[in-house]
Amino acid sequence: MTAPIAIDFVETDLDALAGATGKVAILITPEGKLDPAGRRVNRLSKGAVARMLESQAWEKLKEGSTISLGYPAGMAAEAVIVLKLRRRPVAEQARKAGAALAGAKGAAALTIMAGSTAAIADLSLGLVLKSYRFTDHKSKPDDAPGGAVIHCTKPEAVAAEATAMMAVAEGVFFTRDLVNEPANVLTTDDFAARLAAMQDLGLDVEILEEDQLGELGMGALLGVGQGSDSPSKVVVMQWRGGGDEAPLALIGKGVVFDTGGVSLKPAAGMEDMTMDMGGAGVVAGVMRTLALRRARANVVGLIGLVENMPDGRAQRPGDVVKSMKGETIEVINTDAEGRLVLADVMWYAQDRFAPAAMVDLATLTGAIIIGLGHENAGVFSNNDDLADQFLKAAATEGEGAWRMPMGQAYDDMLKSRIADMKNVGGRAAGSITAAQFLGRFVKDDTPWIHLDIAGVASVKSETALAPKGATGWGVMALDRLVRDRFEG
Ligand code: BES
Ligand code: MN
Ligand code: ZN
C-alpha cells in the first residue's frame, strides 16, 4: 500500500530554525500578526517576512494559501513557506491549509512552526492526504516525498489526535490504490487477496466463489461475469466492535473492468473503466479504517467482484436472468451491469445479516456525471433520517453529496414484457431509474442509501485533498456516519 508521509510532533524549538534543512513553514494570521517563530524567521532572514507582509501578493493571498520566499539569507532552508491562517480554523479550513502546504513543499522535507494554532491534527491530515502519489508502476519513481516535523504546543496531545486521523488516511490511501490500479493487476483474484490480507487487522474476511454463488441463486451477478476468464466472487468483511446489535451493511460495486460486455462501450475513454470497482474500493477503505481505529460498532462490508467482458460465453442483450431474490430480469443492455451485481449482493446482505441500515456505493451511471459533475455524489434513499445524517456527515468531512429524488413513476419505466423487470429504463433520468432498480432489492423495513459515485471516485484534475486520479471519496463521510450514528 502507498505509505502516508511521516509526520512528527515536537515541542516548539525556535533555535532549530536557522539550521533546519528542506523547507520551513510559518503561519501568519490574516491580520499579519507574527508569532515568535515568525519573528525569529524575520530576524534570521533580515526582514524578508516583514517585506512580504507589505506586498500586494500578501494582501491578495486567500486564507489557507501560501507564499514561498526562496533561499532566505541566514537560514539553511531552501525556502520559507508562509501560510495565511487564522489562529482557530475549523477542521475543514485546517485540512485545506495542510493540503496547501503539501503543494508548496513538493518533495522537500518540511518543518512547520504551528505554535498554538488550533486544529493542527486536521492540518496534518490534509497534508498527508494531498501528498498521496501512486507510483507503483513507475520504473523510475521520483524520490518519496519528505515528511514533516510539526513544532507546536502540547505535541503529545496533538500527536494522539493525529494518530486517530491516520486510520482515516490509511483507509483513504487503500481505496485510492485500489481505484488507481489497472485491471490486469487488480483482477478479481488479486482484489480478493488484498481484502483477505486485512484479516491481520482483526477483520473477519470470507470469499464466496462461483459455485457457492450459484447455489445461493445469484444469477444476476453471475451473468455479468460469465464472459470473463476471471472468476466472479463475493467478499464479506465483518468488523464486530459493537455489542450484539444488528450491523450497518456497506455494499460495493466491484466491476474490476467494464467493457460494457456485448453492448460494448466506445474505445475513447474506455480505459477509465478500471475505476468501475470504485464502490468496492470505498467499502474496503472504510473497513480498513474501522479496524485500524478499533471502532465500537458492528459493520459488515460486502462487495461483488466481476469483470464485464464480451466473449463467446458472455451474456447477450435480451437474456433473462434470475436474481437471488427470485425475480427475473431482462438484460436489455449488458452495460447496465453494476445494478445486476448489486441486486444480488444487497439481497444476500439482508438475507444473512438483517442489517440495521444498508448503504451501497457504485460507479453506477454516466448520467450522474451529467447531472452533478465531479463535485457531488448522488444520494438516493428510502429513509429521510438516514439520508439527512449521511448528508451531514459528508458536509462535515467536505465530501460533496446531493440528494436525488425517487418515485413510482420512475420505477414504472423498468417494466418488461417478458420478465419481472428490465435492467434499463431508457435515456431519461438514467441515474434515478438505476436507483429504482436497486430499490426493488431492498426489503421494506431496511433503511437504505444508494450512493452513485461515478463522478467523484476518480477525477482528471486535483481536488481539495487529492491529486489527479482516485480520490477516496466517501471513506471519511462513512467513517463519520459510523461514529455519529452507530458508535455509543
Ligand atoms: N460503469 C458505468 C458507469 C460509469 C460511466 C462510471 C462513466 C464511471 C464513469 C456503468 O456500468 C454503465 O455503463 N452505465 C451505463 C448505463 C446505461 C447502459 C443504462 C451508462 O451510464 O451509460
Ligand atoms: Mn457498464
Ligand atoms: Zn459499470
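In each ligand, atom 1 is the first atom listed, and ligand 1 is the first ligand listed. Note: hydrogens, waters and symmetry copies are ignored here, and every other heavy atom, side chains too, is used.
Residue V345 is tested with V236, L221, L208 for a side-chain contact (heavy atoms from CB on, under 4.5 Å); the sole match is L221.
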Criterion salt bridge (charged side-chain N to carboxylate O under 4.0 Å, His left out) on D388 and K392, from CA distance to verdict: CA-CA 6 Å; D388 286 346; K392 193 168 142 257; over 6 Å; no
M277 and L305: CA distance, side-chain angles, deciding distance, side chain to side chain contact (heavy atoms under 4.5 Å, CB included) verdict: CA-CA 8 Å; M277 33 52 67; L305 294 176; 5.5 Å; no
Salt bridge (charged side-chain N to carboxylate O under 4.0 Å, His left out) assessment of D384 paired with R403: CA-CA 10 Å; D384 291 345; R403 182 100 184 248; 3.0 Å; yes
Please evaluate residues E397 and R483 with respect to the criterion salt bridge (charged side-chain N to carboxylate O under 4.0 Å, His left out), reporting the C-alpha separation (whole Å), side-chain torsions for both, the decisive distance (0.1 Å), and the verdict. CA-CA 12 Å; E397 298 298 329; R483 278 173 199 274; over 6 Å; no
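Of the N and O atoms on the side chains of D412 and Q408, at least one donor lies less than 3.5 Å from an acceptor on the other residue. Under the 3.5 Å distance criterion, with hydrogens and angles disregarded, a donor-acceptor pair is assigned to the side chains of D420 and T328.
For the pair T274 and P182, the tightest heavy-atom approach, listed with the atom from each and the gap, is CG2-CA, 4.2 Å.
Counting just the N/O/S atoms of E337, the one with the shortest distance to the Mn ion (ligand 2) is named OE1. In D258, the N, O or S atom that comes nearest to the Mn ion (ligand 2) is OD2.
Within the protein, the number of N, O or S atoms lying under 2.8 Å from the Zn ion (ligand 3) is 4.
Note on K460 versus D272: salt bridge recorded, some NZ/NE/NH1/NH2 to OD/OE distance being below 4.0 Å. Residues R480 and E399 are not paired through a salt bridge, judged by the lack of any N-O separation under 4.0 Å between the basic side chain and the carboxylate.
Within the 2.8 Å limit, D335 places at least one N, O or S atom next to the Mn ion (ligand 2).
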Mind listing the N or O contacts between ligand 1 and protein, cut-off under 3.5 Å?
{"unit_1": "ligand 1", "atom_1": "1 (N)", "unit_2": "K253", "atom_2": "NZ", "d": "3.3"}
{"unit_1": "ligand 1", "atom_1": "1 (N)", "unit_2": "D258", "atom_2": "OD2", "d": "3.2"}
{"unit_1": "ligand 1", "atom_1": "1 (N)", "unit_2": "D276", "atom_2": "OD1", "d": "2.8"}
{"unit_1": "ligand 1", "atom_1": "1 (N)", "unit_2": "D276", "atom_2": "OD2", "d": "3.0"}
{"unit_1": "ligand 1", "atom_1": "1 (N)", "unit_2": "T363", "atom_2": "O", "d": "3.4"}
{"unit_1": "ligand 1", "atom_1": "11 (O)", "unit_2": "K253", "atom_2": "NZ", "d": "3.2"}
{"unit_1": "ligand 1", "atom_1": "11 (O)", "unit_2": "D258", "atom_2": "OD2", "d": "2.9"}
{"unit_1": "ligand 1", "atom_1": "11 (O)", "unit_2": "D335", "atom_2": "O", "d": "3.1"}
{"unit_1": "ligand 1", "atom_1": "11 (O)", "unit_2": "E337", "atom_2": "OE1", "d": "2.8"}
{"unit_1": "ligand 1", "atom_1": "11 (O)", "unit_2": "E337", "atom_2": "OE2", "d": "3.0"}
{"unit_1": "ligand 1", "atom_1": "13 (O)", "unit_2": "K265", "atom_2": "NZ", "d": "2.8"}
{"unit_1": "ligand 1", "atom_1": "13 (O)", "unit_2": "D335", "atom_2": "O", "d": "3.0"}
{"unit_1": "ligand 1", "atom_1": "13 (O)", "unit_2": "D335", "atom_2": "OD1", "d": "2.8"}
{"unit_1": "ligand 1", "atom_1": "13 (O)", "unit_2": "D335", "atom_2": "OD2", "d": "3.2"}
{"unit_1": "ligand 1", "atom_1": "14 (N)", "unit_2": "L364", "atom_2": "O", "d": "3.4"}
{"unit_1": "ligand 1", "atom_1": "21 (O)", "unit_2": "G366", "atom_2": "N", "d": "2.7"}

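The aromatic rings of Y132 and F134 sit parallel, their planes meeting at an angle under 30°, below the 60° perpendicular limit.
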